[in-house]
2 protein chains.
Amino acid sequence: MSIEIAIGSNIRKSPYFAATLRAGVKCFSVYNHTYIPAHFGDPEAEYRRLTTGVAIWDVAAQRQVELVGPDAARLAQYLTPRNLDGTRVGQGRYVPLCDHDGYLINDPVLLKLSEDRFWLSVADSDIHLWAEAVARERGWQVRVFEPDVSPLALQGPKAVEVTTALFGDWVRDLRYFWFRETSLDGIPLVLARSGWSKQGGYELYLTDGSRGNELWEKVMAAGRVHGIGPGAPNDLERLESGLISYGSDMRRQVVPADPFEMGLGGLVDLAGSHDFIGREALARVAARGPARRRVGFLLEGAPAAAGHPVAVTRDGAELGVLSDMAYSRRFERTIGVGLVRSELADDALGLTAELPSGPHPVRVTALPFRL
Amino acid sequence: MSIEIAIGSNIRKSPYFAATLRAGVKCFSVYNHTYIPAHFGDPEAEYRRLTTGVAIWDVAAQRQVELVGPDAARLAQYLTPRNLDGTRVGQGRYVPLCDHDGYLINDPVLLKLSEDRFWLSVADSDIHLWAEAVARERGWQVRVFEPDVSPLALQGPKAVEVTTALFGDWVRDLRYFWFRETSLDGIPLVLARSGWSKQGGYELYLTDGSRGNELWEKVMAAGRVHGIGPGAPNDLERLESGLISYGSDMRRQVVPADPFEMGLGGLVDLAGSHDFIGREALARVAARGPARRRVGFLLEGAPAAAGHPVAVTRDGAELGVLSDMAYSRRFERTIGVGLVRSELADDALGLTAELPSGPHPVRVTALPFRL
């Protein structure tokens with residue numbers, strides 16, 4: 001199935017949009033009302049660059065929601081079950097966000113820019129509306145908005161070489177999820193050690209959208225000697241690595257899931273006294289145990305990917321969901337991720353994935369995959 | 001520029017997705033995290049069907065946000081500056097939604113299903129998160145969620161014939177924006193006289209997503225004698241008709257605009273006593289007058305559409321924005337819509353649109369176009 005994407009005023013173009021066109025982007029998706037490259041026509045080369053070299057990704061669609069003002073820290077803490085005590089300026093933290101019923105509505109990285117200024121680097125849902133409604137209905141002194149910030153990712157084992165060449169040796173000592181405000185030949189940005197892969201790398205949070213083209217070209221020039229090439233958030237690598245994809249693996253309106261179900265229970269601070277949205281609901285889940293658990297799936301052969309979540313059944317009863325799947329060369333089999341009822345998570349026989357091509361046997365396995 | 005769209009688990013497929021593939025969809029966009037057809041490869045035939053015949057549109061991406069419970073009416077009223085007094089069960093109303101600063105965040109149709117149950121048929125932003133945050137932070141007794149409801153539109157002057165053939169003569173007497181719960185050969189739906197065009201028509205709000213295919217085929221069969229064919233929300237017709245497109249013409253994070261600027265001031269009830277989000281901010285706007293006004297633009301020739309909002313300038317100063325544009329056969333010229341500073345809205349000479357192809361002279365005109 002090859003269908004065109006509409007280019008129109010209702011979807012935003014990233015500051016790197018023109019650069020990705022020049023680089024030969026072949027396929028886009030839409031994320032936070034913004035075009036995001038999906039691939040450049042050679043999935044194997046893109047996977048290889050990510051896992052053995054270095055790739056440049058336009059991830060400007062990972063929008064930032066800025067919280068700034070006297071109550072910014074209070075709001076940040078209220079939005080997430082994770083205890084933020086001890087978070088330092090210059091530090092990022094993965095912060096699941098829940099609604100009042102304890103269901104996940106996003107899973108951003110929080111960047112603490114100063115004691116009263118934070119960014120939420122969000123997955124695909126309108127957290128600026130959520131955070132704004134909460135702040136204003138509480139009458140808190142905090143401004144919530146989307147600043148002019150557009151991340152560009154360098155991912156892969158050689159990303160460190162390229163980033164060092166551009167910014168200096170200090171980037172080698174940057175700890176995971178930590179960041180620093182800096183610039184590149186006058187282009188202002190925030191440099192973080194982060195990215196949506198397990199291959200290592202950095203994200204350059206450009207803070208002047210008019211300079212996307214320049215930044216892209218400077219990175220490409222520095223990366224040439226390391227064989228840099230374009231890529232995009234890679235569904236196969238993320239499946240192999242067991243990374244969560246909000247929107248694919250769960251979405252409030254489609255596949256509601258709580259942090260315990262998603263394996264994020266360790267980030268829910270019910271022992272502490274701090275208040276957060278969903279606390280009561282999550283205390284109930286913690287007391288009774290989660291209804292489902294996040295698992296890996298193994299499928300024989302190489303059935304066509306569903307392209308949407310499908311039911312996992314046994315004897316016709318729906319017992320889980322297979323969110324996403326792909327054939328893995330690394331594991332030499334088809335893998336997937338999803339949720340199954342907790343009592344099946346360790347030992348489930350006779351399960352079937354209801355693929356569009358027909359029922360297909362699946363085996364449950366723990367994440368991360370150890371094959 | 002022809003680029004593929006990624007089909008993946010993170011974007012929802014409508015219940016009519018398979019039917020639109022069979023009907024030969026060539027281009028999709030994404031709206032409310034859902035694929036929505038953009039065209040079927042023959043824009044002229046699609047425009048002609050819409051304006052002289054009847055078209056079938058998959059608009060399931062126009063998701064519903066249901067408000068249900070003792071405080072549902074209270075929440076509905078608090079969410080919009082429009083006074084909802086006197087709204088009857090079975091009646092729909094166009095309800096701009098604003099944030100606490102008075103900026104538009106969506107412009108849905110509200111359907112009153114009963115005294116304590118409403119749907120917001122939303123444009124492209126996560127109003128389920130907004131409405132839920134407001135309701136829960138206020139402690140109101142109302143459940144907010146996205147129900148299994150997927151609109152299918154019949155639009156065009158012959159839509160009434162097709163809809164009558166399917167449902168009976170009563171649909172002729174249905175007033176604009178009114179609706180009735182009904183069914184078609186056992187397929188449950190809500191039938192409304194509405195749709196995002198000025199060509200007349202109906203929307204069938206399917207309430208069982210497993211039956212999209214059946215509903216599509218029944219509509220196609222009934223419409224065959226009237227030359228029905230597939231189409232999609234039509235950017236050219238909406239420009240000619242002056243319809244607002246949230247996401248294109250304004251979006252909170254991209255082109256913030258208040259209801260007065262968008263020509264919706266008549267829907268803002270500052271005279272009444274009811275409280276609503278943004279009331280104080282909108283009272284200030286009403287007192288000083290809006291900074292900008294929504295206008296039509298006329299451009300000589302047929303320059304390539306920008307595909308994104310562009311600045312409108314004079315002598316280098318930015319005085320407005322051209323949101324969207326297209327060549328109109330009906331008016332035999334290129335038209336656009338956007339915002340300009342209020343003092344220019346009636347008489348602006350020497351304005352320039354900063355198109356990607358280069359600066360291009362534009363003339364301001366009132367909406368709706370009278371050419």
Side-chain angles (χ1 to χ4, degrees), chain A residues 1-13 17 21 25-33 35-36 38-39 63 99-101 105 124-138 145-146 232 235 245-249 251-254 277 305-309 323-325, chain B residues 1-13 17 21 25-33 35-36 38-39 63 99-101 105-106 124-138 145-146 235 245-249 251-254 277 305-309 323-325:
Chain A
M1 174 162 45
S2 169
I3 295 176
E4 205 177 305
I5 190 165
I7 303 293
S9 292
N10 59 319
I11 313 284
R12 293 181 276 188
K13 293 173 178 170
F17 186 82
L21 291 185
V25 64
K26 290 287 181 292
C27 183
F28 276 119
S29 189
V30 173
Y31 198 86
N32 285 321
H33 317 288
Y35 295 107
I36 183 169
H39 67 73
R63 304 305 301 160
D99 70 6
H100 299 74
D101 294 322
I105 55 170
D124 182 35
S125 71
D126 288 333
I127 292 307
H128 72 104
L129 291 177
W130 175 259
E132 170 87 349
V134 169
R136 299 300 285 268
E137 288 297 323
R138 296 199 149 236
F145 70 105
E146 263 198 39
D235 279 329
S245 171
Y246 182 82
S248 285
D249 297 348
R251 182 185 284 287
R252 181 64 187 90
Q253 315 98 293
V254 186
I277 297 177
H308 55 260
S323 311
D324 201 0
M325 60 185 274
Chain B
M1 173 164 43
S2 170
I3 295 176
E4 204 178 308
I5 191 165
I7 303 293
S9 292
N10 59 320
I11 313 284
R12 294 181 275 188
K13 293 173 177 169
F17 186 82
L21 291 186
V25 64
K26 291 286 181 294
C27 183
F28 277 119
S29 188
V30 174
Y31 198 86
N32 286 320
H33 316 290
Y35 296 107
I36 182 168
H39 68 72
R63 304 306 301 159
D99 70 5
H100 298 74
D101 294 322
I105 55 169
N106 208 294
D124 181 35
S125 71
D126 288 335
I127 293 305
H128 73 105
L129 291 177
W130 176 257
E132 170 88 348
V134 169
R136 299 299 285 268
E137 288 298 323
R138 295 198 150 236
F145 69 106
E146 264 198 38
D235 279 328
S245 171
Y246 182 81
S248 284
D249 298 348
R251 183 184 286 285
R252 180 65 186 92
Q253 316 96 294
V254 186
I277 296 176
H308 56 260
S323 310
D324 201 1
M325 59 185 276

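Summarising the geometry of A:D126 relative to B:S125, their closest heavy-atom pair is OD2-CA, 3.3 Å, with the distance given to 0.1 Å. Heavy-atom minimum distance, B:V30 versus A:I11: O-CD1, 3.6 Å.
Heavy-atom distances place the side chain of A:A38, and not its backbone, under 4.5 Å from chain B. Looking at A:A306, only its backbone comes within 4.5 Å of chain B, counting heavy atoms on both sides. Looking at A:V134, the atoms closer than 4.5 Å to chain B (heavy atoms on both sides) sit in the backbone and in the side chain alike.
Most heavy-atom pairs under 4.5 Å with chain A, from the set B:I36, B:V254, B:D124: that is B:D124. Chain B forms the most heavy-atom pairs under 4.5 Å with one residue out of A:S29, A:G247, A:A131, A:A305, and that residue is A:G247. Of the listed residues B:H128, B:K26, B:R136, B:R12, the one with more heavy-atom pairs under 4.5 angstrom with chain A than any other is B:R136. Among A:I127, A:I105, A:D101, the residue making the largest number of heavy-atom pairs under 4.5 Å with chain B is A:D101.
Using a 4.5 Å cut-off on side-chain heavy atoms (C-beta onward), A:I7 and B:I3 make no contact. Side chains of B:I277 and A:E137 form a contact here, defined as non-hydrogen atoms less than 4.5 Å apart. Counting heavy atoms from C-beta outward, A:Q253 and B:R63 have side chains that stay 4.5 Å or more apart.
With B:N10 as the partner, the side chain to side chain contact (heavy atoms under 4.5 Å, CB included) test is satisfied by one option alone out of A:P309, A:S248, A:S323: A:S248.
In this structure, B:D235 has no salt bridge (charged side-chain N to carboxylate O under 4.0 Å, His left out) partners at least two apart in sequence or on a different chain. For A:R252, the salt bridge (charged side-chain N to carboxylate O under 4.0 Å, His left out) criterion is met by A:D99, not counting sequence neighbours.
Between A:H33 atom NE2 and B:H33 atom NE2 the span is 6.0 Å, to the nearest 0.5 Å.
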